[in-house]
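Letters go in sequence order (proteins before strands), and every chain restarts at 1.
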There are 2 protein chains.
Amino acid sequence: MARVRMRDVAEHAGVSVRTVSNVVSGYRHVSPQTRARVQRSLDELGYKMDYLARGLRSGRTGFVALAVPFLAEPYFAELAQAVIKAAARRGITVLVESTAGDHEAERRILEGGLTNVADGVLFSAITVPAADVTATAPDFPLVMLGEHDVGDRFPRVGIDNVAAARTVVEHLVAQGCRRVVALGRNGSENGSQRAEGYRQALSAAGVRRVNWLVEPVEDWNRAQGYEAVSRLLEGSGPLPDAIFAFNDALAVGALRALDASGVRVPDEIAVAGIDDVPESAYTHPPLTSIAPDLDAIAERALTLLDEQGRVSDGQDTAPRSARREATPFRLVVRESSLRPPPAP
Amino acid sequence: MARVRMRDVAEHAGVSVRTVSNVVSGYRHVSPQTRARVQRSLDELGYKMDYLARGLRSGRTGFVALAVPFLAEPYFAELAQAVIKAAARRGITVLVESTAGDHEAERRILEGGLTNVADGVLFSAITVPAADVTATAPDFPLVMLGEHDVGDRFPRVGIDNVAAARTVVEHLVAQGCRRVVALGRNGSENGSQRAEGYRQALSAAGVRRVNWLVEPVEDWNRAQGYEAVSRLLEGSGPLPDAIFAFNDALAVGALRALDASGVRVPDEIAVAGIDDVPESAYTHPPLTSIAPDLDAIAERALTLLDEQGRVSDGQDTAPRSARREATPFRLVVRESSLRPPPAP
DNA sequence: GTGATCGTTTGCATCGATGCAAGGTCGCGA
DNA sequence: TCGCGACCTTGCATCGATGCAAACGATCAC
């Protein structure tokens, strides 16, 4: 049973190949009878489009590449799932690439390693500096996902990190926390944004500067969260009364370290994170977090890709403006940050 | 800056297109000088292979499709990551498809929805019955991943589920547990295998049948684990002294339910799962589990795909034998199942 | 009746690379 | 010197679909 081509269908239906193509692609001017006959042949022979051939000829493949640092990190897995779902609604297939947080791998993406195959690229970068993106100046549709801002040339979709961080910390402060430690690193683009939100919230609440502390971590995963908090607990300084983790993975590690040391959460230390990954509802205690609307992010990102595609096809005159799309998020309050009201 | 084709490179280097192709593909009989000159042109013009065109002509695309039910489930995310890594080592790109556990979606995979684009398919199915796979009889390289066994026609790669379950339950029994509840469903293929291992271990340990109990759950995720254990705790029967969850997601849900009800783990109830997903090292308390060797699975699966590819190209006489590859696993013991030795 | 118009169908060239097999060059043994 | 094989290079057809524009027939207005 060899592959069925349009030619085979055409012969079977007694029409030209072009007509079969017209039927398949839903071209308007095909008589009902012809359409019906061709359709019957299509079904009977079990025709399946060769996407490669179509892609070669038409220049559009129906693929979109999604590049994330670590597919196994829950946040990115969720994001990927959302993108795949949104893409499926548009009849688009997703090509998932994992850069492993490797600088070289990220550069390769920008240099168009996937250009021929994918109609566009959704790129969630962590190492590539903004300057590199603008310098490389990719000539294919590209949308940056999440936190990493790359300046004017390409749109970015994600939550407003400053606002998100501020929201969490405001909540912690409202719970009576004063000495709030930030767990993260303000070296990266999004790290410094979250640090900024942290500072804004504390400063606005009139918390004395001496109580501010950003505990640096290299990677935002569970292990580093665990280590950082262990360090903190072993240290000689006064203990914080709250931990604001730059993401939930760090918070999960933090919770484990606190649990292992017998520190009660939230009574002694409140904890909150950002991302609201699924496991955050199952931690001990359940974790307060910021829930981004991943479906909205995926949806918007694909739309922006589409628009870029049309722009570069048609009127190239319209300047690709840098749209920084801030998608909605909400604060999800769970036990980890719920402190009893202070004694009256 | 339009796309650079082989033709452009050929003109630039003063050779034929075919020679450029020979250089790119590493054909032996190319003189060093020619190769060097062409190579220089390649670099200078920044040539990038058009994978679509090559795929169309040669029939091989360099893509492998990976179909999983839920990419956002940690186990599958880890698996996908492992496959992507292993594929990258072979210069293969992975196309990730998410079936959402939908029966129709799984059927579509088997009917070759990706055949043209991918050289082969790695399929982690959960709903499609084995009979369907053999009935549909896909005519493309296919390797089943994980638990689902589909009979003789296609190889399957994964751990031995019976042995894995037996190992966990043996461990629980060795910790002194007698009334071990299994959390899962023995309707599915791999469910019944894990149930079988559970029975074997209890029976071999001489545990009385009255103490056996399989608590059914629809989907193997955190929420259902939580609900099932909540039901269990609300019930009137005697409490178990251990819970064996068919996977870690269920175990995580179970731990949360126990925590919420104030049941101490492992003192009152020991808990263990299968998969050893990353979060299992961070639960409260850390979860005992079975760690499959995902890298080995990915590696082996790709090798088997390769072999099928060659078989169907060359001598098709060799019968595609059903190799059920049992990859190694190990028991990872953590606090959740460590009970104090019984009083002397 | 005739030309214009619309709707429908078709043929041919083409996307960019590789399979195939022939053509050319060179060196070497007879 | 000729013939032969080894090595290198090339031209042409081709993979399967779509872009383009022409051809065809029927309908319609004049």
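- Heavy-atom contacts from other residues, nucleotides or ligands closer than 6.0 Å to CZ of B:R90 number more than 12.
- Of the possible donor and acceptor atoms, one in the side chain of B:D8 sits under 3.5 Å from a partner among the backbone N and O of B:R5.
- Classification of B:K85 and B:D295 as a salt-bridged pair holds, one side-chain N sitting under 4.0 Å from a carboxylate O.
- Only A:N22, A:Y27, A:H29, A:V30, A:S31, A:T34, listed by number, bring a heavy atom of residues 20-35 of chain A to less than 4.0 angstrom from any atom of DNA chain C.
- Comparing D:dG16, C:dT10, D:dT10 against the side chain of A:A53 picks out D:dG16 as the nearest.
- Among the atoms of the strands shown, only primed sugar atoms or phosphate atoms (P, OP1, OP2) are found under 4.0 Å from some heavy atom of B:R54.
- Contact of the A:L304 side chain with the A:R300 side chain is registered, since non-hydrogen atoms from C-beta on lie closer than 4.5 Å.
- Within the structure, a side-chain polar atom (N or O) of B:Y47 is placed less than 4.0 Å from OP1 or OP2 of C:dA17.
- An OP1 or OP2 oxygen of C:dG16 is reached within less than 4.0 angstrom by a side-chain nitrogen or oxygen of B:R5.
- Side-chain nitrogen and oxygen atoms of A:T19 include none within less than 4.0 Å of the OP1 or OP2 phosphate oxygen of C:dT9.
- Closest to the side chain of A:R57, out of D:dT18, C:dG19, C:dA17, is D:dT18.
- Counting only heavy atoms from C-beta on, B:S16 has its side chain closest to D:dT10 among D:dT10, C:dT10, C:dG16.
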